[in-house]
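Here's the structure we're looking at; comments come further down.
Numbering starts at 1 and runs along the sequence shown.
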Amino acid sequence: YWPDWFAALRDNLRYFGEFAERHHIDAMLVGAEYSGSLQQTDEWLKTIADVRKVYSGPLSYEFMRNYEPDGSDGELFWEFTHKIAFIDALDFLSISWYPRARPFTSWGNIQNCPHTTLEEMVAYLRPATNVFERTVAMYGRKPVVFTEIGQRSSHGCVSLPYDTGAPGAYDAAEQADYMEAIFRTFSPRPEWKGLFWWKWDETQVREHYDPDPKKDRGFTIYGKPAAEVLKKWSGQAQ
C-alpha cells in the first residue's frame, strides 16, 4: 500500500506547498511522526522533490527523540537508534522531544513526586545534550528546531512530560521551570534554533484538565507562568 499512501501524501503536500509559497510561509514540514514510513526512502525522496517543485522555502520532517535524556528509551521507536536516510535531502532538523527532567517511577505515583527545583531539572537534563550532539552529528550538523515539546501544568509531569492524563494537582510553577530548564539546556548549542511549545491554548474540549483556564492542568501555557518564560526567552517580555 505504500505507493498509494505516498501518492495521497504528495497530493496533500502539493496543495499546502502551493499555499505556503503563495503566502510566503517561512518553512514547511513534509511530515511528522510517521514512524512506520521512515524506511521508505525512495518514496520520501520522490515526495521531497515533488514539494520543491511548488515551494521554494526550507523543508523539514519532524521525527522523535528519546524521552529519557541519556537515550535509554531507545528500544521504543526505530528512529531513536537509526538514521533516517531521506533527511539528508532536507534543510533543517525538526524534532518532537519531551525529555524527562527527573526520574520516572510509575504513572499512578506521579502526583506523589517531591518538588523538583529548577536546578535539579537542569542537572537531570544535562545528558540530553549528548543525545542532541549525536543527533546533529548524524545528520551533518543541520540547524535544529524542536517542533514539539511541552509539559502539562500538573504536579509530577516533569518526570513524564508527554503524558496526557496522569493524576496530579495543578502545578503551573513546575511547568514554567521545565520550560526554563529546556531553554537553559539547549540555548548554548549553536545548532539549536528554538522551539514550538505544545501548546499555547486549547482548541479541543478536555474537561478532565479542568474547565477553569487558571487551573487547567493541560499542556496550555496561555495565562500561566510558562507564558512569561516563553516571552522572556523570545525577547517579548515587557
Side-chain angles (χ1 to χ4, degrees), residues 9 13 16-17 19-21 23-35 37-38 44 47-48 51-52 55-69 71 73 77-80 82-101 121-122 125-151 161-162 175-176 178-201 219-222 226-227 229-237:
L9 177 64
L13 290 174
F16 284 104
F19 178 92
E21 183 72 14
H23 294 282
H24 310 290
I25 303 299
D26 291 336
M28 180 176 170
L29 298 183
V30 297
E33 299 187 5
Y34 294 150
S35 298
S37 72
L38 299 183
W44 273 113
T47 299
I48 293 165
V51 176
R52 292 199 187 279
Y55 177 64
S56 60
L59 298 177
S60 187
Y61 170 89
E62 181 190 281
F63 60 98
M64 293 184 283
R65 283 288 78 167
N66 314 69
Y67 299 132
E68 199 57 77
D73 286 330
F77 292 100
W78 183 87
E79 64 260 45
F80 283 7
H82 296 78
K83 180 180 179 181
I84 305 168
F86 65 84
I87 285 182
D88 286 343
L90 296 169
D91 303 299
F92 65 99
L93 302 180
S94 295
I95 302 176
S96 173
W97 199 9
Y98 291 74
R100 296 170 184 146
M121 293 183 195
V122 171
L125 283 168
R126 197 165 293 126
T129 61
N130 296 327
V131 177
F132 182 92
E133 174 60 28
R134 290 197 301 271
T135 301
V136 297
M138 181 185 297
Y139 291 107
R141 313 208 75 83
K142 294 178 186 290
V144 181
V145 178
F146 293 166
T147 41
E148 187 180 329
I149 189 170
Q151 181 199 317
Y162 54 90
Q175 181 190 48
Y178 179 77
M179 181 189 287
E180 177 73 22
I182 291 293
F183 274 111
R184 291 190 188 185
T185 299
F186 294 103
S187 60
R189 315 300 295 186
E191 295 87 359
W192 193 64
K193 303 304 177 184
L195 57 78
F196 288 81
W197 192 263
W198 185 268
K199 56 190 171 173
W200 179 255
D201 58 8
F219 289 92
T220 61
I221 63 171
Y222 179 71
V229 176
L230 185 63
K231 290 176 182 178
K232 180 188 73 172
W233 281 94
S234 60
Q236 300 302 312

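- Between L195 and I182, some side-chain heavy-atom pair lies under the 4.5 Å cut-off.
- The side-chain contact (heavy atoms from CB on, under 4.5 Å) test applied to Y34 returns W5, L9, S37, W44, Y61, not counting sequence neighbours.
- A pairwise comparison of heavy atoms in D91 and P58 identifies OD2-CA, 3.2 Å as the closest pair.
- Side chains of L125 and V122 form no contact here, defined as non-hydrogen atoms less than 4.5 Å apart.
- If you take OG on S96 and CZ on F77, they are separated by 9.0 Å, rounding to the nearest 0.5 Å.
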Item to complete: Just do the side-chain contact (heavy atoms from CB on, under 4.5 Å) check on Q151 and Y98 with the steps written out, would you?
Response: CA-CA 8 Å; Q151 181 199 317; Y98 291 74; over 6 Å; no
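- For the pair R126/P69, no side-chain contact is recorded, criterion being any heavy-atom separation below 4.5 Å from C-beta on.
- For D201, there are no salt bridge (charged side-chain N to carboxylate O under 4.0 Å, His left out) partners, not counting sequence neighbours.
- Pairs of residues two or more places apart, or lying in two chains, that qualify as salt bridge (Lys or Arg N to Asp or Glu O under 4.0 Å) and include a residue from residues 136-150 are E133-R141, R141-E191.
- The two residues L38 and I84 have their closest heavy-atom pair at CD1-CD1, 3.8 Å.
- T185 is linked by a side-chain hydrogen bond (donor to acceptor under 3.5 Å, both in side chains) to nothing, counting only residues two or more places apart in sequence or in another chain.
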Discussion item. Evaluate V144 against T135 for side-chain contact (heavy atoms from CB on, under 4.5 Å), listing each step before the verdict.
Written reply: CA-CA 10 Å; V144 181; T135 301; over 6 Å; no
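- With sequence neighbours excluded, no residue satisfies salt bridge (charged side-chain N to carboxylate O under 4.0 Å, His left out) with E62.
- With hydrogens and angles ignored, the 3.5 Å screen pairs no side-chain donor or acceptor of D73 with any backbone N or O of N66.
- Qualifying salt bridge (charged side-chain N to carboxylate O under 4.0 Å, His left out) partners for K199, counting only residues two or more places apart in sequence or in other chains: E202.
- Residues passing the side-chain contact (heavy atoms from CB on, under 4.5 Å) test with A226 are Q175, A176, M179, I221, sequence neighbours excluded.
- Under the 4.5 Å side-chain criterion, counting only non-hydrogen atoms from C-beta, S60 is not in contact with V145.
- With sequence neighbours excluded, the residues forming a side-chain contact (heavy atoms from CB on, under 4.5 Å) with H23 are F19, I25, listed by chain and number.
- With sequence neighbours excluded, no residue satisfies side-chain hydrogen bond (donor to acceptor under 3.5 Å, both in side chains) with T129.
- From I87, atom CD1 reaches atom CG of L93 across 6.5 Å, with rounding to the nearest 0.5 Å.
- Y139 contributes no side-chain N or O that, together with a main-chain N or O of F92, makes up a donor-acceptor pair within less than 3.5 Å.
- Considering only heavy atoms from C-beta on, P99 comes within 4.5 Å of I149 through its side chain.
- In this structure A85 satisfies the side-chain contact (heavy atoms from CB on, under 4.5 Å) test together with T41, sequence neighbours excluded.
- Heavy-atom minimum distance, L90 versus R52: CA-NH2, 3.9 Å.
- Aromatic ring centres of F146 and W192: separated by under 6.0 Å.
- Across all non-hydrogen atoms, the minimal contact from W78 to H82 is O-ND1, 3.0 Å.
- For the atom pair NE2 (H24) and OG (S56), the distance works out to 9.5 Å, reported to the nearest 0.5 Å.
- Judged as a side-chain hydrogen bond (donor to acceptor under 3.5 Å, both in side chains), and not counting sequence neighbours, the contacts of E180 are R184, K232, W233.
- A ring-ring contact (aromatic ring centres under 6.0 Å, His included) with W97 is found for exactly one of F80, F63, F186, namely F186.
- Y162 meets the side-chain hydrogen bond (donor to acceptor under 3.5 Å, both in side chains) test with R100; sequence neighbours excluded.
- Counting all heavy atoms, side chain and backbone alike, M28 lies closest to A20 at SD-CB, 4.4 Å.
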